[in-house]
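In what follows, every heavy atom counts, from backbone to side chain, and hydrogens, waters and symmetry copies are set aside. Note that the structure is predicted; figures quoted are calculated from it, not measured.
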Amino acid sequence: MINKEVKTQSRNYTIPLITITLLFFMWGFITCMNDILIPYLKQLFKLTFFESMLVQFCFFGAYFIGSLIYFLISISKGDPINKAGYKKGIMFGIFLAAFGCVLFYPAATFSYYPLFLGALFILGLGFTVLQITANAYVSLLGSEESASSRLNMTQAFNAFGTTIAPVLGGHLIFEFFSAPDGSFSAVATRIPYLIFAGILLLVALLISRVKLPSFQTQEEEIVKGWGALQFSHLKFGVFAMFCYVGGEVAVGSFIISFLEQPQIMGFNEIISKNYLSLYWGGAMIGRFLGAISLNQSLSRGKKAVYMLGAAAAVFLVIFSIVDLSFAQISFFLVFIVLNFIAFFIGKAAPARTLSIFAGINVILLISAMVNHGELAMYSILGIGIFNSIMFSNIYTLAISGLGKYTSQGSSLVVMAILGGAIVPIFQGYLADQLGVQHSFIIPVFCYLVILVFGAYCSKYLGHVESTEAKSGH
């Protein structure tokens, strides 16, 4: 039962949603900086691919540890978020993430790889708290039917951060704060991460001044035990999220190394970082389109017009950000058209659209593995636009219909972000043994799991599909 004060308050959640969206942007930016750190630290400390992937292992491993702790507390003493409130949970996550950014200063000063990994672990713990609180909070800021649309919109701004990060972050680390002679030095990371910490604290200050609606229960029912695990779609959703984050992070982590391969493009890091922005920029385009496509209140005609406008606007934003000519990014137009077609085939059904997008990514990965040159490059970069709606769709499908077990289920789904720690490690090992290009067989299996999960939910979770779909089995 929701508190009466909550029931009677205004249902206009625009200001809270805008505020939380700003937070999504910032943590997307900092998360994507890992893709810059990996090749940078690999050269600085003369690491193997496997050793360099410890960056993602520590960062995303923190998601598992943090979520596991949260889950164990929730099944023994009740939901911590419901006790403290979403706002306090979000503030705590921001402060923890800012502390992780500050720890980059001693790590860079002493130029010690394990200290970098420790800073990344603390940073990951902060983002774990934000994932548990902010994603669930966005899903509550409106009806359950439009939760996927709202999450896609906030994730779109998260992707905007990941699009800017390779260009701006790469410029700061590879060029602006690098040693005068152009050599690699750990101190190049000190000032950028102090700046990130400062920005996070400014966001925390803004959130502290904004009135966020409370969704705490009047009298909390402590939900103990492992009740959330009785739902088969949640268990499958946890595995699908593991595979999605693992696949997305692994592909993003290897793009710079992939484009450096002589049989692909032979680019250096300074050029490759711009193409890395295209990978994440594709996710931004797809999430804006997903937010519109999955909005059940719009007619098909309006959806088409809004999606065309959004695609054109975001494409122009990406073009203005990356240091590439129109000819070099024009291939993206093909993927945007293909994305449109896939959305309309999906008919605004989250599960069906998820399967279609996963199937396309399997094809693109196989193309990247067997082809060379620009075709291989375009194939790997195109994956981003079809990753777009996966996080929000998997998340909302997995926790759909859990009732009082929603917070438990949410923590389990966030725990599955462990995939971002495990999958890149396996791909790194395979890259050392077989080469970077053939190592992409690992993400192929990840997207096959997502395809099957989408098909499963299409059959058994009709009540969370589009308005045309029927409730029940």
Distance (rounded to the nearest 0.5 Å) between Ile18 CD1 and Leu206 CG: 10.5 Å
From CA spacing to verdict: side chain to side chain contact (heavy atoms under 4.5 Å, CB included), Phe332, Tyr378: CA-CA 8 Å; Phe332 236 65; Tyr378 295 154; over 6 Å; no
Verdict with supporting geometry, Leu397 and Phe453, side chain to side chain contact (heavy atoms under 4.5 Å, CB included): CA-CA 10 Å; Leu397 288 167; Phe453 173 69; 4.1 Å; yes
Without placing hydrogens or testing angles, list every side-chain donor-acceptor pair under 3.5 Å for residues 113-121, not counting sequence neighbours.
residue, atom, partner, partner atom, Å
Tyr113, OH, Glu51, O, 2.8

Partners meeting side-chain contact (heavy atoms from CB on, under 4.5 Å) with Asn274 (sequence neighbours left out): Val167, Val322, Asp323, Leu324
Phe426/Tyr429 aromatic ring centres below 6.0 Å: no
Rounded distance (nearest 0.5 Å) linking atom CG of Asp35 with atom OG of Ser277: 10.0 Å
Phe57 CZ: over 12 foreign heavy atoms closer than 6.0 Å: no
Shortest non-hydrogen contact between Ile385 and Asn339, atoms and distance: O-ND2, 3.4 Å
Donor-acceptor under 3.5 Å (Ser208 side chain, Leu205 main chain): yes
Shortest non-hydrogen contact between Leu375 and Ser367, atoms and distance: CG-OG, 4.2 Å
Rounded distance (nearest 0.5 Å) linking atom CD of Gln261 with atom CD1 of Ile256: 12.5 Å
Partner set under side-chain contact (heavy atoms from CB on, under 4.5 Å) for Ile271, not counting sequence neighbours: Phe267, Asn268, Tyr275
Taking every non-hydrogen atom, the tightest pair across Met390 and Leu354: CG-CD1, 3.7 Å
Distance flag, aromatic centroids of Phe157 and Phe25, threshold under 6.0 Å: no
Indicate every side-chain donor-acceptor pair of residues 90-106 with a distance under 3.5 Å to a residue at least two apart or in another chain.
none

Closest heavy-atom pair and its distance - Ala108, Arg190: CB-CG, 3.1 Å
Value rounded to 0.5 Å, distance of CG in Leu364 from CZ in Phe386: 6.5 Å
Using atom types as modelled, flag every donor-acceptor pair under 3.5 Å from a side chain in residues 438-448 to any protein atom, sequence neighbours excluded.
residue, atom, partner, partner atom, Å
Ser439, OG, Gln427, NE2, 3.1
Ser439, OG, Val436, O, 2.6
Tyr447, OH, Asn387, OD1, 2.6
Tyr447, OH, Asn387, ND2, 3.3

From CA spacing to verdict: side chain to side chain contact (heavy atoms under 4.5 Å, CB included), Ile399, Leu412: CA-CA 10 Å; Ile399 68 171; Leu412 286 171; over 6 Å; no
Mutual orientation of the aromatic rings belonging to Phe391 and Tyr395 [parallel < 30°, tilted 30-60°, perpendicular > 60°]: parallel
CG on Leu259 to CD1 on Ile264, rounded to 0.5 Å: 8.0 Å
For residues 241-255, please give each side-chain donor-acceptor pair under 3.5 Å, one per line with the distance, not counting sequence neighbours.
residue, atom, partner, partner atom, Å
Tyr244, OH, Glu248, OE1, 3.1
Tyr244, OH, Glu248, OE2, 2.8
Tyr244, OH, Arg287, NH2, 3.2
Ser253, OG, Gln56, NE2, 2.7
Ser253, OG, Val249, O, 2.6

Leu381 and Phe331, any side-chain heavy atoms less than 4.5 Å apart: yes
CA sep, side-chain torsions, deciding dist, call: Ser232, Tyr456, side-chain hydrogen bond (donor to acceptor under 3.5 Å, both in side chains): CA-CA 10 Å; Ser232 59; Tyr456 173 87; 2.7 Å; yes
Shortest non-hydrogen separation from Ser67 to Thr128 and the atoms involved: OG-CG2, 3.4 Å
Side-chain (Asn393) to main-chain (Ala351) donor-acceptor, under 3.5 angstrom: no
Close side-chain approach of Met415 to Tyr63, heavy-atom, < 4.5 Å: no
Closest contact, heavy atoms only, Ala368 versus Ile380: CB-CD1, 3.7 Å
Check: Phe50 and Leu430 side chains under 4.5 Å, non-hydrogen atoms: no
Distance in Å, Leu125 CG paired with Leu130 CG, rounded so as to fall on 0.5 Å steps: 11.0 Å
From CA spacing to verdict: ring pair (Phe, Tyr, Trp, His ring centres under 6.0 Å), Phe239, Phe236: CA-CA 5 Å; Phe239 185 44; Phe236 200 167; 7.1 Å; no
Side-chain heavy-atom pair Phe127, Ile30 within 4.5 angstrom cut-off: yes
